[in-house]
Amino acid sequence: MITNRIGQTDVHVSDLSFGCSGIGNLYRDIPETEAAEVLACAWDAGIRYFDTAPHYGRGLSEQRLGAFLKGRARDSFAISTKVGRLLSPGQPMAEANGFINPLPNDVRYDYSGDGIEASFEQSCERLGTSYIDIIYVHDIGTYAHGDGNVPHFDALMSSGLERLQKLKAAGRIGAFGLGVNETQVCLDVMRECPLDVILLAGRLTLLDRQGEEELVGRCQDAQTSLVLGGIFNSGILATGPVPGAHFDYQPASDEVMEQVAQLQSRADEIGVPLATVAMQYARRHPAAASVLLGTGKVSSLKRNLDALDVPWDTASDWVFDPV
């Protein structure tokens, strides 16, 4: 497993990372043993960077990841988690935002300095650590909040980023940045404050190249690393253009289906599954410091890891051509 440096910090991450939304019971309830097994599979494969968030099962994902990492040397792995959602004790529920049987916590958005530090401390407790390698500001921007983003953005600008800088200076975090599904808010924040890293979900993929329009170049100039998530664009790059395929968390449009059909045709020509092509695009992109593989199933993780082990024919570099 290749290791890459995050920005100009002392944080280093494996070029493949494990996304922990699945072990927060995303879309299905998985037992503790199954969560531990998929984490062990990632560890045994050499993955040493794990990304989680309070949002994932309202703390469940962090709790399970912390239990798995307990007893392992703290300098042998990197953790990222997220701020922007603050949890507080609540009532049990069967489902919340797609997570089944989450922990009984209420949630509210808070991007202020005090909210960010409180969220950080809660995450440290659930993860069983006093230090977190990377903190991402989660879902800031109009993609998540629409017109309601203005007060959240103002809170981040007025005190949130300053608090992250103080936590970094105090040695409580190694790096900070944004964890978002859009590029514009990244550019907006970078104009005001340098970022070590951005976790960009779904916007630098085989299908969706929005990140290449301006953000990649801006990150290269600023020495801001990119971690890539959502590399299957909510599923359509894994399933292909089949009926009911999803793009960007909703049924794919006819236009998107046609684009994916063209990609599928080219993948068929070289005899490589479309999902493999999508993974290879992400891992081989020169801007990618790490690529998140997120699943709650050992079989799915092994399948993806096996696909990435397949030798890459340079004749397949058409994947980097504009869509």
Side-chain angles (χ1 to χ4, degrees), residues 1-2 13-53 55-57 60-69 72 77 79-80 95 97-102 201-202 205-207 227-247 249 252 260 263-264 267-268 270-284 288 290-312 319:
M1 197 75 64
I2 299 169
V13 298
S14 51
D15 71 326
L16 291 180
S17 38
F18 186 76
C20 295
S21 60
I23 65 167
N25 287 353
L26 182 61
Y27 304 137
R28 70 185 187 98
D29 190 355
I30 67 174
E32 299 287 338
T33 53
E34 192 172 340
E37 285 169 1
V38 72
L39 287 167
C41 179
W43 184 274
D44 292 344
I47 291 174
R48 293 296 183 268
Y49 170 31
F50 300 84
D51 175 71
T52 184
H55 178 54
Y56 303 159
L60 179 62
S61 173
E62 290 181 317
Q63 190 177 90
R64 285 174 162 175
L65 178 61
F68 173 77
L69 294 172
R72 290 175 167 82
F77 57 84
I79 303 172
S80 60
E95 183 273 341
N97 305 110
F99 293 93
I100 310 303
N101 292 327
T205 73
L206 181 67
L207 174 63
V227 173
L228 303 185
I231 61 173
F232 297 127
N233 282 124
S234 303
I236 195 166
L237 288 178
T239 65
V242 299
H246 276 63
F247 169 76
Y249 310 107
V260 176
L263 292 170
Q264 178 76 72
D268 290 344
I270 61 171
V272 177
L274 181 62
T276 300
V277 175
M279 286 188 286
Q280 293 282 4
Y281 168 85
R283 191 180 196 187
R284 293 174 181 276
S290 190
V291 176
L292 286 172
L293 300 178
T295 178
K297 295 181 178 181
V298 169
S299 58
S300 297
L301 180 58
K302 285 183 174 179
R303 183 175 64 247
N304 290 340
L305 291 170
D306 289 345
L308 285 166
D309 275 343
V310 174
W312 185 253
V319 300

Take Leu39 and Phe50 through the side chain to side chain contact (heavy atoms under 4.5 Å, CB included) test and state the conclusion after the steps.
CA-CA 9 Å; Leu39 287 167; Phe50 300 84; 4.0 Å; yes
Can you sort out the partners of Asp306 under side-chain contact (heavy atoms from CB on, under 4.5 Å), two or more places apart, ordered by chain and number?
none
Non-hydrogen atoms of Ala238 and Ala275 that approach each other most closely
CA-CB, 3.9 Å
Please list, chain by chain and in numerical order, all residues satisfying side chain to side chain donor-acceptor pair (under 3.5 Å) with Tyr249, sequence neighbours excluded.
Asn181
For Ser14, does its backbone N or O pair with a side-chain atom of Ser290 as donor and acceptor, under 3.5 Å?
yes
Spacing of CD1 belonging to Ile231 relative to CG belonging to Leu207, to within rounding of 0.5 Å
12.5 Å
Considering residues at least two apart in sequence or located in another chain, which fulfil the side chain to side chain donor-acceptor pair (under 3.5 Å) criterion with Asn97?
none
For Asp51, enumerate each residue passing the side chain to side chain donor-acceptor pair (under 3.5 Å) test, keeping only those at least two apart in sequence or located in another chain.
Ser80, Lys82
Contact summary for Thr205 and Gly230, nearest pair of heavy atoms
CG2-O, 3.7 Å
Heavy atoms only: give me the nearest Ala245-Gly240 pair and the separation to one decimal.
CB-O, 3.7 Å
For Ala252 and Ile236 the tightest heavy-atom approach is CB-CD1, 3.7 Å
Roughly how far apart are Leu60 CG and Ser21 OG, rounded to 0.5 Å?
11.5 Å
To the nearest 0.5 Å, what is the distance between CG (Leu274) and CE (Met279)?
10.0 Å
Salt bridge (Lys or Arg N to Asp or Glu O under 4.0 Å) partners for Arg284, two or more places apart
none
Test your reading of the model: is there a side-chain donor-acceptor pair from Asn25 to the backbone of Ile30, 3.5 Å cut-off?
yes
Sub-3.5 Å donor-acceptor pair from the side chain of Ser17 to the main-chain atoms of Val291, do we have one?
yes
Heavy-atom donor-acceptor pair, Thr295 side chain to Leu301 backbone, under 3.5 Å:
no
Verdict with supporting geometry, Trp43 and Phe18, side chain to side chain contact (heavy atoms under 4.5 Å, CB included):
CA-CA 9 Å; Trp43 184 274; Phe18 186 76; over 6 Å; no
Distance check, rounded to the nearest 0.5 Å: Asn304 atom CG versus Asp309 atom CG?
11.5 Å
If every non-hydrogen atom of Ala282 is compared with every non-hydrogen atom of Ala288, which pair is closest and at what distance?
O-CB, 3.5 Å
Between Leu292 and the options Val227, Leu228, Leu16, the side-chain contact (heavy atoms from CB on, under 4.5 Å) test singles out Val227
Give the C-alpha distance, both sets of side-chain angles, the deciding distance and a yes or no for side chain to side chain contact (heavy atoms under 4.5 Å, CB included) between Leu308 and Leu293.
CA-CA 11 Å; Leu308 285 166; Leu293 300 178; 4.1 Å; yes
If I take atom CZ from residue Arg283 and atom CG from residue Asp15, how far apart are they, to the nearest 0.5 angstrom?
4.0 Å
Determine, stepwise, if the pair Val242 / Gln264 fulfils side chain to side chain contact (heavy atoms under 4.5 Å, CB included).
CA-CA 11 Å; Val242 299; Gln264 178 76 72; over 6 Å; no
Between Lys302 and Cys41, what is the shortest heavy-atom contact and its length?
CG-SG, 3.7 Å
Once rounded to the nearest 0.5 Å, what's the spacing between atom NE2 of His55 and atom CG of Leu26?
8.0 Å
Who are the salt bridge (Lys or Arg N to Asp or Glu O under 4.0 Å) partners of Glu34, not counting sequence neighbours?
Arg28
